[in-house]
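Worksheet: the structure to be examined is printed underneath.
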Amino acid sequence: MTTAIATAAGTRPWPGLIQAYRPHLPVSERTPIVTLHEGNTPLVPAPGLSRCIDPAGRVQVLLKFDGANPTGSFKDRGMTMAMSKALEEGKRAVVCASTGNTSASAAAYAARAGMQCVVLIPKGNIALGKLSQAMLYGAEVFEVEGNFDDCLRLVVEMGESLPVEIVNSINPYRIQGQKTAAFEIIDQLGGEPPDFQFMPVGNAGNITAYWLGYSEAAADGRVSRRPVMCGFQAAGANPIVRGAPVEKPETIATAIRIGNPASWKQAVAARDESGGIIEDVTDEEILEQYKWTARTEGLIAEPASLAGVAGLVKVAKRGFFEARLSGRSPSHPLRIVCILTGHGLKDPERAIKCATAPTTVPADLKEVAKRLRLG
Ligand code: AN7
């Protein structure tokens, strides 16, 4: 990851996203900045995927690797803002419902801020890495006998009756922090937005935040257009696609196992205002892409992140980009950004379940050589 930003005075270390984008965020001189120097994550060209979408080279796919954030997911972008504002407002305790990444991030930033952190997670349905993080950062972890939607309902009730600050994405500062990812992508593309953005959709805060970021950049005149937003849910947890809440959401992509997203309306607005789509992909499609991206591009993300990439491959196969490719060439390609929202190390159990198991060998060269499959 690049760790310096260029200024007129030279380069200086990346200060975290609040300092980097301060004029665009609701902070003042009085706001104590709680930061782990999040943001500035790499935007990595994906030549394998690009060829897969258009063998003629008229498409460039880039992966925004937000797993490179300090707790391994994009949630840190919102959490630096939410926690800084909670501290400014004199709050002593924060609470969140989570499918895992929000809880890991809240726990880390609360530790940094010296605040108490309470997290509610659906028992048995969060990836091991995320649970380990929340525990190790010192949060009070409650495993709820229910799903994420039950956890979020409980958290809203707690916010009404107890002296705690909610740091789920219904907290408007979360969206403010997360919108900076759109600014970074524009900066990384030399001042241009991508033509299309593909991403997973769970509670729908992130697609809301990206659309806000791109819209603000357009309103400020920093860019002259906004990308087409394409969101993907898991087929077993697809309320927006169906147009109705899903009572019992099910998917191996536990991060987006959500049946009644809090930012539903905003996600639909982002889709419609950008001329985009919100569709779904099956667990099989997610898992195939999970393995393919690791082996082809050398980047690992958690299964939920691959919903967006699987969606890209799926719509490309049905000719989604055909009409948009005229006039494009390898020197002027259609640019598509996919957001890899969480690091692959978050969910080691899934990796072990679906990749090739190691071979046990004696500590002897001949024996190792016998089992080698070279070339
Ligand atoms: C890796 O941590 O909802 O549509 O509680 O962890 O903004 O919800 C996580 C969501 C995508 C979906 N990718 O983003 C939580 C939580 C990863 C995620 C999403 C999540 P939103």
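FYI, the numbering just counts along the sequence from 1. For ligands, and for the atoms within them, numbers begin at 1 and follow the listed sequence.
- Listed by number with element, the atoms of ligand 1 under 4.0 Å from a non-hydrogen atom of Val201 are 4 (O).
- If you look at Phe321 and Phe196, their ring centroids are closer than 6.0 Å.
- Checked by atom type and distance alone, the side chain of Asn203 pairs as donor or acceptor with a backbone atom of Ala262 at under 3.5 Å.
- In terms of modelled atom types and a separation under 3.5 Å, the side chain of Lys179 and the main chain of His24 share a donor-acceptor contact.
- When only interatomic distances are considered, the shortest N/O to N/O separation between Ala204 and ligand 1 falls below 3.5 Å.
- Although no hydrogens or angles enter the test, the distance criterion places no donor-acceptor pair under 3.5 Å between the side chain of Ser103 and the main chain of Ala134.
- Contact atoms of ligand 1 toward Gly205: 4 (O), 7 (O), 21 (P) (distance under 4.0 Å to a heavy atom of the residue).
- A salt bridge links Arg328 with Asp195; the closest basic N to acidic carboxylate O contact falls under 4.0 Å.
- Short contacts between ligand 1 and Glu302, defined as distances under 4.0 Å to a heavy atom of the residue, involve ligand atoms 1 (C).
- Of the protein's non-hydrogen atoms, Thr341 OG1, 3.3 Å is the one closest to atom 17 (C) of ligand 1.
- Nearest protein heavy-atom neighbour of atom 6 (O) of ligand 1: Asn101 ND2, 2.7 Å.
- Here the heavy atom of the protein found nearest to atom 14 (O) of ligand 1 is Phe74 CZ, 3.5 Å.
- Heavy-atom minimum distance, Ile126 versus Gly100: CD1-CA, 4.0 Å.
- Within a 6.0 Å radius of CD in Glu247, other residues, nucleotides and ligands contribute 12 heavy atoms or fewer.
- Taking every heavy atom of Ile258 and a limit of under 4.0 angstrom, the matching atoms of ligand 1 come to 3 (O).
- Here Lys346 has no heavy atoms under 4.0 Å from ligand 1, in either its backbone or its side chain.
- With salt bridges taken as basic N to acidic carboxylate O contacts below 4.0 Å, one links Asp66 and Arg77.
- Shown here is Glu250, whose CD atom has more than 12 heavy atoms of other residues, nucleotides or ligands within 6.0 Å.
- The single protein non-hydrogen atom nearest to atom 5 (O) of ligand 1 is Thr99 N, 2.8 Å, given as residue, atom name and distance.
- Closest to atom 7 (O) of ligand 1, if we only count protein heavy atoms, is Asn206 N, 2.8 Å.
- For ligand 1, the polar-atom distance check finds no N/O of Ser103 at less than 3.5 Å from any of the ligand's N/O atoms.
- In terms of protein heavy-atom proximity, atom 8 (O) of ligand 1 is closest to Asn203 N, 2.7 Å.
- The protein heavy atom nearest to atom 19 (C) of ligand 1 is Ile256 CG2, 3.7 Å.
- Residue Pro200 has no nitrogen or oxygen atom sitting less than 3.5 Å from a nitrogen or oxygen atom of ligand 1, judged on distance alone.
- Nearest to atom 2 (O) of ligand 1 among the protein's heavy atoms is Thr102 N, 2.7 Å.
- The hydrophobic cluster containing Val246 does not contain Phe148, counting ILVMFWY residues as joined when their side-chain heavy atoms lie under 4.5 angstrom apart, directly or transitively.
- Polar contact check, Gln178 against ligand 1: no nitrogen or oxygen pair lies under 3.5 Å apart.
- Atoms of ligand 1 lying under 4.0 Å from at least one heavy atom of Ser98, given by number and element, are 2 (O), 5 (O), 15 (C).
- At least one heavy atom of Gly100 lies less than 4.0 angstrom from ligand 1.
- Ring planes of Phe198 and Phe232: parallel class, angle under 30° (limits at 30 and 60°).
- Taking the charged nitrogens against the carboxylate oxygens, Glu216 and Arg222 have no contact shorter than 4.0 Å, which rules out a salt bridge.
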